[in-house]
> 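Attaching a single structure in structure tokens format; questions to follow.
Only a predicted model underlies this, so the values are computations on that prediction, with no experimental measurement involved. Order of the sequence lines sets the chain letters (A, B, ...), proteins ahead of strands, with each chain counted from 1.
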Number of protein chains: 2
Amino acid sequence: MSDTIYDVAKKAGVGIGTVSRAINNNPKISPQTKIKVLKAINELKYQPHALAQGLARKKTSMVATIVPFFTGYFFVELLRGIQQEISKYRYNLILYSVDQTNKTETFLEKTLRENRVDGTLLISLRINDKYAKKFSDSNFPIVLVDSYHPDLDSITVENKQGAYVATQHLIQLGHTKIGMINGQLKSSPAQLRLEGYKKALRDNNILFKEKYLIISDSGQDGFNREAGYQGMKRLLELGDNKPTAVFISSDIQAAGAIRAIQEYGLKIPEDIAIVGFDDIEMAEYLGLTTMHQPMFEMGKLAVQRLMAKISGEDSRKFKKSFLTNLVIRESCGFSRKMPT
Amino acid sequence: MSDTIYDVAKKAGVGIGTVSRAINNNPKISPQTKIKVLKAINELKYQPHALAQGLARKKTSMVATIVPFFTGYFFVELLRGIQQEISKYRYNLILYSVDQTNKTETFLEKTLRENRVDGTLLISLRINDKYAKKFSDSNFPIVLVDSYHPDLDSITVENKQGAYVATQHLIQLGHTKIGMINGQLKSSPAQLRLEGYKKALRDNNILFKEKYLIISDSGQDGFNREAGYQGMKRLLELGDNKPTAVFISSDIQAAGAIRAIQEYGLKIPEDIAIVGFDDIEMAEYLGLTTMHQPMFEMGKLAVQRLMAKISGEDSRKFKKSFLTNLVIRESCGFSRKMPT
DNA sequence: TTGAAAGCGCTAACAG
DNA sequence: CTGTTAGCGCTTTCAA
């Protein structure tokens, strides 16, 4: 089929070892022969067989990225960052997506034992202690993104701070009846965002009211449109006692919530102000004030850390948490000049 | 490091050939020994080394998917379909993304010569004749999705029909001054959508006016927000002569166009009706009437065809074009009961 | 420096 | 049926 290292060797009139040295920038080769070999390589348009190289080198030049597809579109930015950075290292990305039917662990197991990849990136997905320990013990490179485990490298976002800022923003605007629509508490971002919300209330001497807190129970993890829609409906059914502002723990839920508000014939922000979390692309079109997560940067950093692990340059545990920042649009009553 | 086939063989007290047979469901093995081997495999939690397997079998169990990230979010659905289907075949997906700095051809070359994958899926990206011929000649499995080349398998969408239906819809609503905002004509979807638009006008005895046609010139290929924003501005600057309805060749451009319309203080659909193309998730929130493309199904089919090629079951050229269908929301003056 | 040869871990052909 | 052996295409000693 395609040419092998033997074809190149023959053409250049050298041994295969020499060809290999030429390819791998091995110094143990004279300039002349190197040129000769390179010439043969060019003429044959020879490319080393990736698998054979991988087998011999004991490294694959591939990393796995496991993402949850049901999470919505917010990981796209992350993926862009990952891709861009990964190609700098001349690595390839294998994408595994997890949905309700496939469990994360299948892929973790695969990634760990099949030797197909040199490392893995786990996105927005929980890893249980058993696997965390496995990875940790085996020293197999892994970094968690938008997920946290004490034993592993992780890159996260300041969920608590973000929720605090979001809630604080509502308070500064004069609101005191502030609700929250959250995802399932089994996810740690959901827990932390709840903490931030509560802390902001407390710091401002506003009493936390159970009835103002909605924990979505629809769908996978509650971070979806339908959940936001239902959640807001429940809040609106409180009638005169309903909150005048709501912190919603994801933009996608906020989108559903907006629909519910519209169906009730209410207006945003006059009747009810909302602030979201994530800053997905859609947020701009919804005019949604929200907490921006630097997904692209997180993706980049994740790759850098993973590469440091793979190359063995740096084996220390690494934890980084990015701050989120408030993006003010129209859903809280502010109206800044729109950027195009 | 991790166990090899030799460890299993030793443990089971058989030769490595027998282990291999057990793994690969080779019939030339007695049930008893197979059980014995499988037991050893389980105890060792042995997993065959993917690269070694690939090298020996001359197949990698991986396919490459090359996507343009600048195209926006519409390929996410496609990716979901691809992923879901690919895992049924126990294949892995390598994702390459092309942006302005990397050219498609780098990846095509890689995919073709590096033997890292058994086949490739090219998404929404043009392939030049030279490469098309290369792939065609080499018999290397490739299928184009949302892109077309006569020499290769391709799965597309009926762009012309879609544009026709979209324009026709506007005409039926009574519009006669109908504009179009299109992407760069170098992309074939853009060309075909223009044809469909023109044909609809012609069939209804409406004169095509050059001034009503905007070819976006901003950004990569014109299929982006900014392009839609600028395009709509130019249309609105026509003043009283401006169109009363516009067919916009992608939802993402429509999003930009909507912004422009709002800035002019005009209302949709009263002052100007618009219909988009793609039906990306955001369209629902924009209340955008648009042409829906069955991305998920396209992704599935693409994988099925690719696998048929890889397995050699079917080597005929395959062309399939999916119909798009009109999704009526609010941007044209219809208002159907909202689905939640 | 260079060529030859020994793996990397597996599959498949070949004897038995 | 089963064990042995020869590759798959490359990297990396080891002598020369």
> By the definition side-chain contact (heavy atoms from CB on, under 4.5 Å), identify the one residue from B:Thr65, B:Leu93, B:Val145, B:Leu121 that meets it with B:Val303.
B:Leu121

> Just call it for B:Ile16: base, sugar-phosphate, or nothing, with non-hydrogen atoms closer than 4.0 Å on any strand.
base

> From the set D:dC8, D:dT11, C:dT1, return the single nucleotide nearest to any side-chain atom of B:Leu55.
D:dC8

> Of the listed nucleotides (D:dT11, C:dG9, C:dT11), which one gets closest to any side-chain atom of B:Asn24?
C:dT11

> Any ion pair linking A:Lys134 and A:Glu109 (charged N to carboxylate O, less than 4.0 Å)?
yes

> Between B:Glu297 and B:Lys300, is there a side-chain N and carboxylate O pair less than 4.0 Å apart?
no

> Identify whether any heavy atom of B:Val14 sits under 4.0 Å from a base atom; if not, whether one sits that close to sugar-phosphate; answer base, sugar-phosphate or nothing.
sugar-phosphate

> By nearest atom, which of the nucleotides D:dT11, C:dC10, D:dC1 is closest to the A:Ile23 side chain?
D:dT11

> With sugar-phosphate meaning primed atoms plus P, OP1 and OP2, does B:Ile29 contact a base, only sugar-phosphate, or nothing at under 4.0 Å between heavy atoms?
sugar-phosphate

> It should be established whether B:Thr18 places a side-chain nitrogen or oxygen under 4.0 Å from OP1 or OP2 of nucleotide D:dT2.
no

> Just to be sure I understand the rule, does A:Ser20 reach a base, reach only the sugar-phosphate, or reach nothing, if contact means heavy atoms closer than 4.0 Å?
base

> If you assign each of A:Tyr6 and B:Ala56 to its closest nucleotide in DNA chain C, which residue comes earlier from the 5' end?
A:Tyr6

> If you only use heavy atoms from C-beta on, which nucleotide in C:dG3, D:dC10, C:dT1 is closest to the side chain of A:Lys28?
C:dT1

> If each of B:Lys34 and B:Ala52 is mapped to the nucleotide of DNA chain D with the nearest heavy atom, which maps nearer the 5' terminus, i.e. the 5' end?
B:Lys34

> Is the phosphate of D:dT11, meaning OP1 or OP2, less than 4.0 Å from a side-chain N or O of A:Gln53?
yes

> Could you work out which one of D:dG3, D:dC1, D:dC10 sits closest to the side chain of A:Tyr46?
D:dC10

> Between the base of D:dG3 and the side chain of B:Arg21, is there any donor-acceptor pair under 3.5 Å?
yes

> Are B:Arg305 and B:Asp314 close enough for a salt bridge, meaning some N to O gap below 4.0 Å?
yes

> Choosing from D:dC1, C:dG3, D:dC10, which nucleotide comes nearest the side chain of B:Thr33?
D:dC1

> Under 6.0 Å from the ring centre and within 45 degrees of the ring axis: does the NZ or CZ of B:Lys319 meet both conditions for the six-membered ring of B:Tyr148?
yes

